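Letters go in sequence order (proteins before strands), and every chain restarts at 1. Here the structure is a predicted model, which is why all the values come from computation and not from measurement.
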There are 2 protein chains.
Amino acid sequence: MARDRKETEQRLVEAAGRVLARDGFKKLGVNAIAREANLDKVLIYRYFDGLSGLIDAYARQGDFWPSTEELLGEDLAEFKQRSLSDQLSQIVDNYAAGIRRRPLTLQILAWEMVERNELTMHLEKVREKSGAKLFEWVWYDDKATADSQIDIEALMTLFSACTNYLAARSTSIRVFNGIDISEEDGWQRLTNMMKKICHSLL
Amino acid sequence: MARDRKETEQRLVEAAGRVLARDGFKKLGVNAIAREANLDKVLIYRYFDGLSGLIDAYARQGDFWPSTEELLGEDLAEFKQRSLSDQLSQIVDNYAAGIRRRPLTLQILAWEMVERNELTMHLEKVREKSGAKLFEWVWYDDKATADSQIDIEALMTLFSACTNYLAARSTSIRVFNGIDISEEDGWQRLTNMMKKICHSLL
DNA sequence: TTGACAAGTCACCATTTGGTGACTAATTTG
DNA sequence: CAAATTAGTCACCAAATGGTGACTTGTCAA
């Protein structure tokens, strides 16, 4: 192999991602990453000043969260035309699909339950920004929101908490509370319920 | 100290509980427990055949989940008189309060996200039984349930998933999605929202 | 009181972890 | 071409982990 620092760094970062996705964060250590990358762990210290630095570099280049377009759909102008409950319904659907298709995000969501580190803090920030952006697109524009006595923030917290939890848990169990969260139908029941709530409440 | 197997076993079990509550499951190992109990770790192997056995013994004697009375209230006869939405509202309130006041349960809920073991499997079973019992008390008796096109199972899954997630997360972060889950008011907003949903849906 | 068994102590093992210093070999720069 | 810099290898360290064998000491029954 050629001696190329950039490439080596990249290989380490990618190896970290693979270990995380495959074995979960419990096994994510310098030894495991170096082994996975077929490189010496000393390079992790030299190039990234340790595991934290590597994880930090990884966080910067990963795609861990559904983008605004992913949540709202391509046609933003059209989205704005819809009713509030339709908007929220769409977000609910896309959000669940968006995080479920990201195995690494599910790992990090589980990780968050246990400790804070570069990756989980990165995800926290991304999530915060994403939330704020959504806020701009949706409820600020809708006059009905202010009037309706509905605590939209609480509602969306309810939905996202439930989705995060069940999506993360679905990596290790199939059934929760009688619902098969490993299959599409189970999720259909859940997202349908959320959409029903949106329409019944707003 | 007197030589008393029963007492020693008890001391080990309690030490395990203290380590779990204080340091979380990441630090729950034979060494840490023995240290905490001021006993030799070999006793864990002799009396419990290892960590799994100890944890199993611990699971058997712990109070990890709100009882039916805790969820439905003292007066079961009176409970049955209420409307379905009132019943669910009450359960929602008591459930959140019930798990939030159990620090060990919050640790186990976090643990569940990461791996299955005696404790998490025990909790799974307890939860399952509790769910079935509730089911008997509530919806089976209510004729409206069958008629209403509402997927009650999905609704309760939504609520419990959200509650589990935020309660467990509140051990390490204060604010989620703009809501202060470390304080009573934040939880008020959430449970109010859930109750509002119950009443609007049923 | 003496013997047997159980309770508890202690020293040790292999393995894994994060982390470092010293080396060799390749590449760039003058 | 030579010197200096940098990439990568290797051998090691201390600490902590789970786990075991052999020992001593207390307790209880015959």
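- For residues 14-28 of chain B, every residue pair satisfying the side chain to side chain donor-acceptor pair (under 3.5 Å) rule, not counting sequence neighbours, is listed here: E115(A)-K26(B), Q10(B)-E14(B), R18(B)-E36(B), R22(B)-E36(B).
- Spacing between atom CD1 of I55(B) and atom P of dG18(D) amounts to 10 Å, rounded to whole angstrom units.
- Residue L54(B) contributes atom CG, which lies 12 Å from atom P of dG19(D) at whole-angstrom precision.
- Going from atom CD1 of I33(B) over to atom P of dG19(D) covers 12 Å, rounded to whole Å.
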- Message: Let's go through D185(B) and R189(B) carefully: what are the C-alpha distance in whole Å and the side-chain angles of both, what is the deciding distance for salt bridge (charged side-chain N to carboxylate O under 4.0 Å, His left out) to 0.1 Å, and is it a yes or a no?
- Response: CA-CA 6 Å; D185(B) 347 353; R189(B) 285 174 68 186; over 6 Å; no
Restricting to nitrogen or oxygen on both sides, can you table the protein-nucleotides 28-30 of chain D pairs closer than 3.5 Å?
none

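- Here the C1' atom of nucleotide dA7(C) and the CD1 atom of I44(B) are 15 Å apart, to the nearest Å.
- Residue T8(A) places at least one side-chain N or O under 4.0 Å from the OP1 or OP2 atom of dG8(D).
- Within the 3.5 Å criterion, the main-chain N or O of S130(A) finds no donor-acceptor partner in the side chain of W65(A).
- At distances below 3.5 Å, at least one donor-acceptor pair connects side-chain atoms of N117(B) with backbone N or O atoms of L119(B).
- In this structure, the side chains of E70(A) and N94(A) stay at 4.5 Å or more apart for every pair of heavy atoms.
- The interatomic distance linking L39(B) (CG) with dT9(C) (P) rounds to 7 Å, in whole Å.
- Between the P atom of dA7(C) and the CD atom of E9(B) lies a distance of 8 Å, rounded to the nearest Å.
- A straight line from CZ of R5(B) to P of dG8(C) spans 10 Å, rounded to a whole angstrom.
- Between R3(A) and the phosphate of dA26(C), there is no side-chain N or O to OP1/OP2 separation shorter than 4.0 Å.
- Atom CG in N164(A) sits 9.5 Å away from atom CE in M113(A) (nearest 0.5 Å).
- Contact of the K41(A) side chain with the N31(A) side chain is registered, since non-hydrogen atoms from C-beta on lie closer than 4.5 Å.
- Salt bridge R127(B)/E112(B): present, at least one basic N to carboxylate O contact under 4.0 Å.
- Separating the NZ atom of K26(B) from the C1' atom of dT17(D) is a distance of 14 Å, rounded to the nearest angstrom.
- Phosphate proximity of dA6(C) to Y47(B): absent, as no side-chain N or O sits under 4.0 Å from OP1 or OP2.
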Distances under 3.5 Å between nitrogen or oxygen atoms of protein and nucleotides 15-21 of chain C:
| unit_1 | atom_1 | unit_2 | atom_2 | d |
| --- | --- | --- | --- | --- |
| dT17(C) | OP2 | R35(A) | NH2 | 3.2 |
| dG18(C) | OP2 | N31(A) | N | 3.4 |
| dG18(C) | OP2 | N31(A) | ND2 | 2.6 |
| dG18(C) | N7 | K41(A) | NZ | 3.2 |
| dG19(C) | OP2 | Y45(A) | OH | 2.9 |
| dG19(C) | O5' | Y45(A) | OH | 3.4 |
| dG19(C) | N7 | K41(A) | NZ | 2.9 |
| dG19(C) | O6 | K41(A) | NZ | 2.7 |

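- With respect to E78(B) and R82(B), a salt bridge is recorded, a charged nitrogen being found less than 4.0 Å from a carboxylate O.
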